[in-house]
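Right, one structure below, let's go through it.
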Amino acid sequence: MKVKNTEQRTLTIGIIINLLMSITGLAIFSVTHLQALFLDASFVLIEVISGIIAITISKVSQNKIRGFPKGLFNLEPIYIFLKSILVITLMGLTTWNVSLRAYHYFATGEGTRISAVPVLAYSIAMVSLGFCLLKVYRHGNANTNGTSELLSVESKNSFIDVALSAGIGVVAIGLMFISARSPLSFLLYTGDFFITVTLVILFINQPIGYMKQAIREILDGTISSNTIQHQIKKIVTDNIPDGWKFNNILAFKKGMHLQVDIYCVPKESFSVFGLYKSIRTIKERLISIFKLVDVNFVIDDQSRSIDVGK
């Protein structure tokens, strides 16, 4: 499947860039001990590991095997759910760590001064690489017509990483202009606390949002995207055959896979041939946009329901 190949190729490039960023970040952290930098480098390391898992899931999710005739697309929202939990946990632990260090400084007046110059160099390098990575993910997702949930999540996480790196750079620049006798001298020891807490507050909603969406998909909830709902409804309503009424349209999404259930009601005079012609057109148009689509049509004659195929 072409869209899956695009997804896997993009994830592979992302792993290479993230690995370079993570090694750089951890090396600089070992010199500076800046906790915001540790959060940034750890976040990238998670991207490397999760990227490898994402490629594996991308390769197997569309496989239809005995016991799973619709494929293994449920693996995609499960992966996104677990990764969101991991990112939230990392944010929480890092916030706790910098909070303890800041408390220790304010309580005792003792702390480790932040080395601004290597941090600034690191920030510039990471922001540059981060923007390249962001462009790779967005370009790859665009080539799948925006249907890859894996690339969408990786793209949003890359944006968070760019923001973290940029925030660290802002702190480094600010620290260069603060002297030891300045009223703001406490920032020389606690600057990472303020930037880390600020960035966590700004971006914590993203992994929480992805976690909620993943739960919705795992539990077979209908899609929440108004844009996709509107596209599906327009395609269906534009192709209603004479003698038929489409009573209800339900859409479910699991990762890159979309399932659309259309309930048809025959009128007094109807043509089965016209219905099947409409079915073929609707399926072709949906597949041209969303790529991986299953379409179910159900005839409801008020007394019984008959599945007429996918």
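Note that the coordinates shown come from a computational prediction; the quantities given were computed from them, not determined experimentally.
Listed by chain and residue number, nothing satisfies the side chain to side chain donor-acceptor pair (under 3.5 Å) test with Asn239 (two or more places apart in sequence, or in another chain). The ring-ring contact (aromatic ring centres under 6.0 Å, His included) check on Phe290 picks up nothing, with sequence neighbours excluded. Residues passing the salt bridge (charged side-chain N to carboxylate O under 4.0 Å, His left out) test with Lys253 are Glu149, sequence neighbours excluded. Annotation: ring-ring contact (aromatic ring centres under 6.0 Å, His included) contacts of Tyr210 (sequence neighbours excluded): none. Remark: Asn141 engages Thr144, Ser148, Leu151, Ser152 in a side-chain contact (heavy atoms from CB on, under 4.5 Å) (not counting sequence neighbours). Residues passing the side-chain contact (heavy atoms from CB on, under 4.5 Å) test with Ile88, sequence neighbours excluded: Ile204, Pro207, Ile208, Met211. Looking at residues two or more places apart in sequence or on another chain, you find no side-chain contact (heavy atoms from CB on, under 4.5 Å) involving Thr56. Taking Phe73 as the reference, His257 meet the ring-ring contact (aromatic ring centres under 6.0 Å, His included) condition, with sequence neighbours excluded.
A salt bridge (charged side-chain N to carboxylate O under 4.0 Å, His left out) check over residues 78-93, counting only residues at least two apart or in different chains, returns the pairs Glu47-Lys83, Lys83-Glu154. The salt bridge (charged side-chain N to carboxylate O under 4.0 Å, His left out) pairs that include a residue from residues 202-218 number zero, where partners must be two or more places apart or lie in different chains.
Note that the NE2 atom of His139 and the OG1 atom of Thr6 stand 8.5 Å from one another [nearest 0.5 Å]. A distance of 7.5 Å separates OG in Ser288 from CG in Leu286, rounded to the nearest 0.5 Å. Remark: Thr95 OG1 to Ile201 CD1 distance equals 8.0 Å, nearest 0.5 Å. Summarising the geometry, atom CZ belonging to Phe203 is positioned 5.0 Å from atom CZ belonging to Phe159; distances are rounded to the nearest 0.5 Å. Rounded to the nearest 0.5 Å, atoms CD1 (Ile223) and CZ (Phe252) are 9.5 Å apart. For the atom pair Ile215 CD1 and Ile80 CD1, the distance stands at 12.0 Å (nearest 0.5 Å).
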Result block: side-chain N/O donor-acceptor pairs under 3.5 angstrom for residues 176-184, not counting sequence neighbours:
residue, atom, partner, partner atom, Å
Ser179, OG, Ser182, N, 3.3
Ser182, OG, Leu184, N, 3.1

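Counting only heavy atoms from C-beta outward, the side chains of Leu199 and Met91 never approach each other to under 4.5 Å. Residues Leu133 and Asn18 meet the side-chain proximity criterion, which asks for heavy atoms closer than 4.5 Å. No side-chain heavy atom of Leu292 sits under 4.5 Å from any side-chain heavy atom of Ile287. Residues Tyr263 and Leu250 have side chains in contact (heavy-atom distance under 4.5 Å, counting atoms from C-beta outward).
Within 6.0 Å of atom CZ in Phe131, 12 or fewer heavy atoms from other residues, nucleotides or ligands are found, so the atom counts as exposed in its surroundings. Other residues, nucleotides and ligands contribute over 12 non-hydrogen atoms within 6.0 Å of the OH atom of Tyr105. Within 6.0 Å of the CZ atom in Phe106, the count of heavy atoms belonging to other residues, nucleotides or ligands exceeds 12.
The hydrophobic cluster containing Trp96, built from Ile/Leu/Val/Met/Phe/Trp/Tyr side-chain heavy atoms closer than 4.5 Å, also comprises Leu100.
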Could you walk me through whether Ile249 and Ile232 pass the side chain to side chain contact (heavy atoms under 4.5 Å, CB included) check?
CA-CA 8 Å; Ile249 304 169; Ile232 294 172; 4.0 Å; yes
Check against side chain to side chain contact (heavy atoms under 4.5 Å, CB included), Ile15 and Ile55:
CA-CA 10 Å; Ile15 289 173; Ile55 290 177; 3.5 Å; yes
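In this structure, the side chain of Tyr79 engages the main chain of Ser50 through a donor-acceptor pair within 3.5 Å. Not a single donor-acceptor pair under 3.5 Å links the side chain of Asn97 to the backbone N or O of Leu93. With hydrogens and angles disregarded, a donor-acceptor distance shorter than 3.5 Å links the side chain of Thr237 to the backbone of Lys234. Thr89 places a side-chain N or O within donor-acceptor distance of the main-chain N or O of Ile85, the cut-off being under 3.5 Å. The main-chain N or O of Gly169 is found under 3.5 Å from a side-chain atom of Ser123 such that the two form a donor-acceptor pair.
Side-chain atoms of Glu76 and Asn74 form no donor-acceptor pair, as typed in the model, at a separation below 3.5 Å.
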